[in-house]
Structures are given as C-alpha cells and as structure tokens.
Amino acid sequence: MIKFNVPAVAGKEKNYLKMVLRSKLFAGDNEFTKKCCSWLQTRLGCFKVLLTPSCTHALEMSAILSDIQPGDEVIMPSFTFVSTANAFLLRGAKIVFVDIRPDTQNIDEKLIEDAITERTKCIVVVHYAGVAAEMDAILSIAKRYSLVVVEDAAQAILSSYKGKPLGTFGQMGCLSFHETKNIHCGEGGAILLGDPELSERAEIIREKGTNRSCFFRGQVDKYSWVDIGSSYLLGELSAAFLYAQMEMAERIVQNRMCNWNHYYDGLAEMEQRGFLERPVIPDECIQNGHLFYIKAKSLAERTALIDYLAEKGIMTVFHYVPLHSSKAGQLYTCFHGEDRHTTDISERLLRLPLYYQLPRDRIEYIVEAVRQFYLNN
Ligand SMILES: *Cc1c(COP(=O)(O)O)cnc(C)c1O
C-alpha cells in the first residue's frame, strides 16, 4: 500500500530531544523555542513569532487579538479546515463565507467587498496548498474598510507572494507544524506578528492573561493577571523536535517540490487530452510542494478513481466538506452570494500521496495508474 502521508524525520530530532532531557527544562520558551522563533523571524522577515501547541491555537489567539465581539462578522472561504471558522466562532463572531476562485481554491478577492457590512471586522484568508491568495487586492480592500487581515498559512511555510513570505501579510499569520504539514513536531503551530503592540498583547494572552514575559525581561518586579488569556505555549520537547526539522526545511521543501513537479509533468498529457485538471500556480506565487491534487469531472468519476487507485494499493484523500454545508456550519454560519465553485470543487478534487522522500518510482506508478483509469474508461 502506498500511504498518503509519511511524516518527515529530518535526522537530528533524537539528539535534540536528548539535550532537553539532560537540561531538565521542559516548559515552553526555553532554548529550542528561542531557536525556532529566531529561525522563523529571520527566514520570514517578521517582527515577532510565538510558538503555539497548534495552528488552531494560533488562530484562536488571532481571534482574541482581533478584538472580536459577539455579532462581529468575519469573512472567509468555506473551503477550509474547521479551525479557521471555529477560532472566530468561539469569540461569538458570525462567520460569513464567500466563494473561492476555481483556479487556486483561495477566497475570491472579487467577492469580498460585496460581503462587507458595518459589522465586518476581519478577513481571514487561507493559502490553500501553500499557494497564495491574491494578497494585493485583499490588503487594499482591508485598508479601505479598516479590517483586520488574518492569514491561515497552515499549509504555507516558505511559500511566498511577489517575493514576500506567506503569513507576513496580515496583522497575524498562523502556521501549522502538525505531522501532515511540510515541517512538523507532531502537533504544533506558530503565530506571526508584525506589530509591536499586538505582539506585546499576544505575549500576555498566551501566558494565561498575565504579564509573565515582561517579568522575565525584568520590566516588572512581579507578574499578575492583566488581560484575558489561555495557555498557548509549545513545550520544549516539541520545539527541539521542530528545530531539527527547521534545519532541514529547505531540503524538505525542495524534495517535495521535485515530487510535485514529477506528478505535474507526468499528468500533463492527461490534462491536454481533457481528462482531468492539474493545479494552477499563478506567476506571482512560489509554492512549497505541500500537496498535489487533480480535479476529476464529477463526484461519480472521483469516487470511481478513488476505488480504482485503492485496488492498485494507492491511498488518496479528498477535502474539504464545505464548512457551510456541514452540521455545525448550518447552525452557525452563512454563505454570502452564490456557491459556484466551493461545493463543486470539493466534490471533484482528489489529493495524491505526497511526502518527503516519496520514491520517484512510486510517483511513476501512481501516474500510470491514473492514466490507465482514464484510458480504460
Ligand atoms: C492543518 C490546518 C489547520 C490546523 O492546523 P493544526 O496545527 O492541526 O491546528 C488549519 N487550517 C488549515 C488550512 C490547515 O490545513
């Protein structure tokens, strides 16, 4: 069986974990956390990075930092993971979905303005598959209406738009280090912040609403409860594991991109003959090989393809069930405008196995299996 995902192991994880065991410093904000944060700050050119237990937690922090009040509206795509919506729902926001673009599956920037009301506070963009949403247009709308922009960059580490790393465009950017992502520590995440004032509040929110970070810097002589908050620190063992991955991040991304390109080239003929669609990467985007998908013609065709590939020992995955049509989505959210692409694409998109060091001959085997499916049907 060819697995859909095999989490990367970079090599030095064990050494770094042993170092933490010897140091007996297991809580967050120790040496490896600092190494990870400065790696991200340097690599992405961003003012402040805080590691979190997951991207979900980084999104929750973003919702608190956006000062969401009950009834405030937040605009986002419905074609995303549940955490994007949940984080804001937990603050009492009304989630307003708009349709996605049929090429990148990212929020359609042309539909955002029409969904804005007096209560709109925030636009959340998701960089699907590590390919950027149309940030120039989105930032200009946000500026005109004084809206906060949050980037769900869970899939987008080391991707960029017009040369600038994803996660650094909005007031907040959220990364995931879940084992299904390019670099990981099992469960983990980070919030990226560009603004010093927001960063200061973020440090308080993650420390249970206390100014403990100021205390450690010697700025106050006793720490106390000053704001709402929760516990949003990543433990040091996870940070040590993560740092080993960061040191190899470029190589991991390079390898994933080779795999991605191998699929892309291998399936060119199938697209030219009109059997399927391959991903579209706009010129201004550099992506990170996070996932490779094809689009079938219909739900029935995709189902048949999944079964065919499973028979050949190939595991494939589809997503997302559009949030607005899921059970919780029907209770708590609304879709603004017409759903032209969200549901349609969610029924046709199929992800093929892609991971670090996926052998080339397996990709060739998978490409051949897809070819056979179409040529024999
Ligand atoms: C993976 C993912 C998340 C959640 O990440 P966790 O670290 O597991 O919380 C959120 N949004 C998107 C788009 C994702 O792909």
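Since the model is a prediction, treat every value here as computed from it, not as a measurement. Counting starts at 1 for both ligands and their atoms, following the listed order.
- Side-chain heavy-atom separations under 4.5 angstrom define the hydrophobic clusters, and Val280 shares its cluster with no other residue.
- Relative ring orientation between Phe97 and Phe335 is described as tilted, the plane-to-plane angle lying within the 30° to 60° band.
- For a heavy-atom separation below 4.0 Å, the residues in contact with ligand 1 are Ser54, Cys55, Thr56, Thr80, Phe81, Val126, Asp152, Ala154, Gln155, Ser176, His178, Lys181, Gly188, Tyr320.
- Although no hydrogens or angles enter the test, the distance criterion places a donor-acceptor pair under 3.5 Å between the side chain of Glu151 and the main chain of Gly167.
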Which pairs would a plain distance check flag for residues 128-139, meaning a side-chain donor or acceptor within less than 3.5 Å of a matching protein atom at least two apart in sequence or in another chain?
| residue | atom | partner | partner atom | Å |
| --- | --- | --- | --- | --- |
| Tyr128 | OH | His319 | NE2 | 2.8 |
| Glu134 | OE2 | Tyr161 | OH | 2.5 |
| Asp136 | OD2 | Lys162 | NZ | 2.5 |

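- The aromatic rings of Phe81 and Tyr320 sit tilted relative to each other, their planes meeting at an angle between 30° and 60°.
- Pairs passing the salt bridge (Lys or Arg N to Asp or Glu O under 4.0 Å) check and including a residue from residues 50-71, sequence neighbours excluded, read Asp67-Arg201.
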